[in-house]
Amino acid sequence: LCQPSYKMPSHQLLLQLMKRPSQLLQASRGLSAAAAGGTRTVTLIPGDGIGPEISNSVKKIFAAAKVPIAWDEVDVTPVKGPDGQFRIPQKAIDSVNKHGIGLKGPLATPVGKGHRSLNLALRKEFNLYANVRPCRSLEGYPTPYKNVDLVTIRENTEGEYSGIEHIIVDGVVQSIKLITETASRRVAKFAFEFALREGRRKVTA
Amino acid sequence: HSATSVGAIRFACNQARSFCSGGGGLSAAAATATESAGSSGASLQHADQGVEAGGILNAAKYGGRHHVSLIPGDGIGPELMDSVKTIVNVAGSPIDFEEIPLSAERGTDEDMRRAILSIKRNGVGLKGNLETFEGMTSKNVQLRTKLDLFAYVQRCKSIEGVPSRYSDIDILVIRENTEGEYSQLEHFNVPGVVESFKIITEAKSRQIAKFAFDTAIKTRRHRVTAVHKANIMKLSDGLFLDVCRDVARDYPSIEFNDVIVDNCCMQLVARPQQFDIMVLPNLYGNIIGNIAAGLVGGPGVAAGMNIGRKYAVFEAGTRNSGRSIRGKNIANPSALLLTTADMLEYLGDAEDAKKLRNAVLTVLRSGIRTPDLGGSSNTKEVVDAVVQYLLQVRGH
């Protein structure tokens with residue numbers, strides 16, 4: 001799933017996506033063969049906050065550029081299941097499983113209480129174990145650092161985000177960071193394979 | 001405020017001078033102090049460098065001379081400590097160092113016990129970084145927890161003449177120093193699965209929050225920002241954040257806000273001038289402290305201090321051992337010298353502190369710099385330049 005990064009205006013994001021779409025498409029595994037010549041349907045999760053606006057911008061621009069993508073818009077707000085537990089609506093899950101690729105806007109996570117992170121839930125549900133963020137200096141957008149070209153590949157399913165916390169006694173909280181060999185190895189392999197595929201020379205842990 | 005709590009930041013009378021606004025009065029009077037005390041005139045009217053170091057004079061003094069425990073540490077520690085000793089001599093500061101042989105190689109429980117005893121006896125220490133090899137627990141962490149040095153304070157201020165991408169940065173990073181991710185509680189559940197415990201307690205969160213706000217008052221700063229990830233770690237960081245908010249209520253003259261750590265890092269590299277005082281749990285403090293130090297010149301010029309209720313241990317801000325540049329005469333002595341100046345401030349010798357700080361900053365400004373700052377001088381040349389300046393000043 002691709003997430004718009006930082007405060008980049010959506011048209012600049014699109015330029016980035018369009019510039020090396022194959023790179024980003026290849027980066028997600030388990031992709032069924034791209035439709036050759038036909039329209040590809042993609043799940044769209046507009047999200048919270050500015051999500052709906054920027055998603056609309058994307059739709060407009062893709063339409064104007066006649067990009068052969070059809071949007072299957074879904075809402076991931078948790079609903080109460082038959083067992084009383086809150087979970088992502090089945091419709092949303094089915095959509096992603098069917099299309100294999102999605103575009104999501106930002107999903108806010110309430111601070112301190114409230115529902116758990118939906119971003120996390122989505123990653124767990126679809127086993128999106130690697131979060132890949134290419135960071136490249138944008139031409140025409142000067143920043144203090146020039147010629148930045150790095151990619152961060154983040155393990156996306158465990159670590160500090162395991163969500164295992166306990167109140168031991170009043171005023172003492174324990175938060176468990178979980179690291180497993182399996183997940184570490186998986187994301188490490190991904191990083192090196194990504195490096196080979198993209199012709200990059202160094203991986204820093 | 002209890003008499004022994006550094007968090008109360010109560011001044012000894014002879015320290016009052018230009019830093020103490022209205023004696024023990026911690027209120028609007030401090031926040032709207034109009035005495036200039038050499039303030040920069042920038043929109044953030046902060047107190048002079050070093051004020052945050054002012055503490056309770058609980059330190060050993062024999063015949064009018066301070067006794068300070070010295071742990072050279074590993075890597076570039078020993079060579080830089082030699083520079084410190086030379087310069088302290090030339091500056092004529094009344095400090096005697098009690099050198100403690102603690103290092104990565106020499107670090108039995110007995111050595112550790114003696115080091116701690118020495119610092120308890122002297123009240124103040126100056127240390128290099130002790131390396132941690134695989135399989136051993138960090139001696140640095142042990143020192144901090146056993147001496148209950150609950151706060152780690154780094155002042156990150158743009159230095160004139162030191163190349164950096166931003167000017168007019170002045171951030172005070174206040175990091176909880178004894179719990180959080182550094183609890184050193186880890187175990188294998190089953191082979192290939194490790195649990196690492198991050199512990200957050202209300203007591204320590206409250207202690208560091210109070211310290212941050214009290215420091216805000218003392219240093220005439222305006223805002224405290226709590227950094228956290230309470231949307232994901234709702235209980236632990238949530239507790240930290242709640243306590244900070246609660247403590248903020250007792251300091252209505254100080255503005256309080258909070259920021260999630262990922263956004264905070266982004267803001268730091270995009271618009272660092274927006275930050276004033278930052279209060280953070282242990283690991284975020286480590287990371288943010290390093291980013292802030294990098295923004296104003298890097299590890300070669302960063303000073304740090306570990307402050308507890310009864311003891312204080314000073315060290316180079318980003319706590320690097322500099323293993324790879326050891327013995328090559330290229331290590332930057334500025335960080336440790338500026339730290340020593342802060343230590344002099346803490347010991348009550350504000351004049352000596354100012355003299356030393358001025359010497360180092362003047363030399364940096366004049367272009368005599370080590371390679372990490374883009375210069376071509378070596379350690380000895382920088383030290384000699386500082387010595388020259390001090391001799392000159394002394395001559396007057």
Side-chain angles (χ1 to χ4, degrees), chain A residues 3 5-8 48-49 106-121 123-124 131 133 135 137 141-146 148 150 152 154 156-186, chain B residues 163-167 179-181 183 185-207 226 228-245 258-263 265-272 281 283-284 294-295:
Chain A
Q3 191 168 349
S5 45
Y6 310 152
K7 294 176 192 161
M8 266 200 267
D48 306 317
L107 292 166
T109 310
V111 168
K113 48 182 160 50
H115 64 77
R116 291 252 185 90
S117 165
L118 291 171
N119 301 307
L120 211 50
R123 290 171 209 147
K124 284 217 159 96
N131 181 313
R133 292 188 193 173
C135 304
S137 294
Y141 184 40
T143 56
Y145 290 86
K146 306 197 186 333
V148 178
L150 59 92
T152 60
R154 159 188 174 183
N156 220 10
T157 58
E158 59 173 28
E160 296 83 347
Y161 285 53
S162 57
I164 311 171
E165 292 191 298
H166 314 106
I167 300 178
I168 308 287
V169 294
D170 220 2
V172 178
V173 177
Q174 162 186 303
S175 178
I176 299 184
K177 160 177 167 171
L178 199 70
I179 298 282
T180 63
E181 181 173 352
T182 317
S184 304
R185 197 171 285 280
R186 187 172 56 182
Chain B
S164 68
R165 277 165 229 269
Y166 296 98
S167 53
E179 60 170 18
E181 301 83 348
S183 309
L185 297 162
E186 292 189 312
H187 57 257
F188 278 92
N189 265 7
V190 293
V193 178
V194 179
E195 282 187 343
S196 181
F197 285 33
K198 160 176 167 169
I199 308 287
I200 299 284
T201 60
E202 181 182 347
K204 293 206 176 190
S205 303
R206 196 166 288 275
Q207 188 175 61
H228 62 94
K229 188 82 185 174
N231 51 344
I232 298 294
M233 284 173 264
K234 294 185 199 279
L235 292 187
S236 47
D237 283 358
L239 175 60
F240 181 83
L241 183 59
D242 283 342
V243 169
C244 287
R245 285 194 176 132
D258 67 271
V259 63
I260 298 183
V261 64
D262 49 8
N263 187 23
C265 290
M266 206 150 65
Q267 296 296 325
L268 265 175
V269 301
R271 244 190 355 116
L283 184 61
Y284 308 150
L295 286 170

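Letters go in sequence order (proteins before strands), and every chain restarts at 1.
Contact record, B:I232 with A:S117: CD1-CB, 3.7 Å, taken as the closest heavy-atom pair. Contact between A:G171 and B:L239 at its shortest, heavy atoms only, is O-CD2, 4.0 Å.
For A:R154, the CZ atom counts as densely surrounded, since its 6.0 Å shell holds more than 12 non-hydrogen atoms of other residues, nucleotides or ligands. Atom CD1 of A:I167 has 12 or fewer neighbouring heavy atoms from other residues, nucleotides or ligands inside a 6.0 Å radius.
Residue contact with chain A, scored on non-hydrogen atoms closer than 4.5 Å, involves the side chain of B:L241 exclusively. With a 4.5 angstrom heavy-atom cutoff, A:E160 touches chain B via backbone and side-chain atoms both. Residue contact with chain A, scored on non-hydrogen atoms closer than 4.5 Å, involves the side chain of B:Y166 exclusively.
Of the listed residues (B:S183, B:S196, B:G180), the one with the most heavy-atom contacts under 4.5 Å to chain A is B:S196. Put simply, of B:R206, B:K204, B:E195, the one with the most heavy-atom pairs under 4.5 Å next to chain A is B:E195. Each of B:E186, B:E202, B:K234 has some count of heavy-atom pairs under 4.5 Å with chain A, and the biggest count is that of B:K234.
Residues A:Y161 and B:K229 are in side-chain contact: their nearest non-hydrogen atoms beyond the backbone lie under 4.5 Å apart. In this structure, B:H228 and A:V111 have side chains that are in contact, with non-hydrogen atoms separated by less than 4.5 Å. The closest side-chain heavy-atom distance from B:D237 to A:E165 is not below 4.5 Å.
In this structure, the separation between CD1 on B:I199 and CD1 on A:I176 is 8.5 Å, given to the nearest 0.5 Å. Annotation: the span from B:M233 atom CE to A:K177 atom NZ amounts to 9.5 Å, rounded to 0.5 Å. Remark: B:I260 CD1 to A:T109 OG1 distance equals 8.0 Å, nearest 0.5 Å.
Formation of a donor-acceptor pair under 3.5 Å by the A:E181 side chain with backbone atoms of B:P191 is not found in this model.
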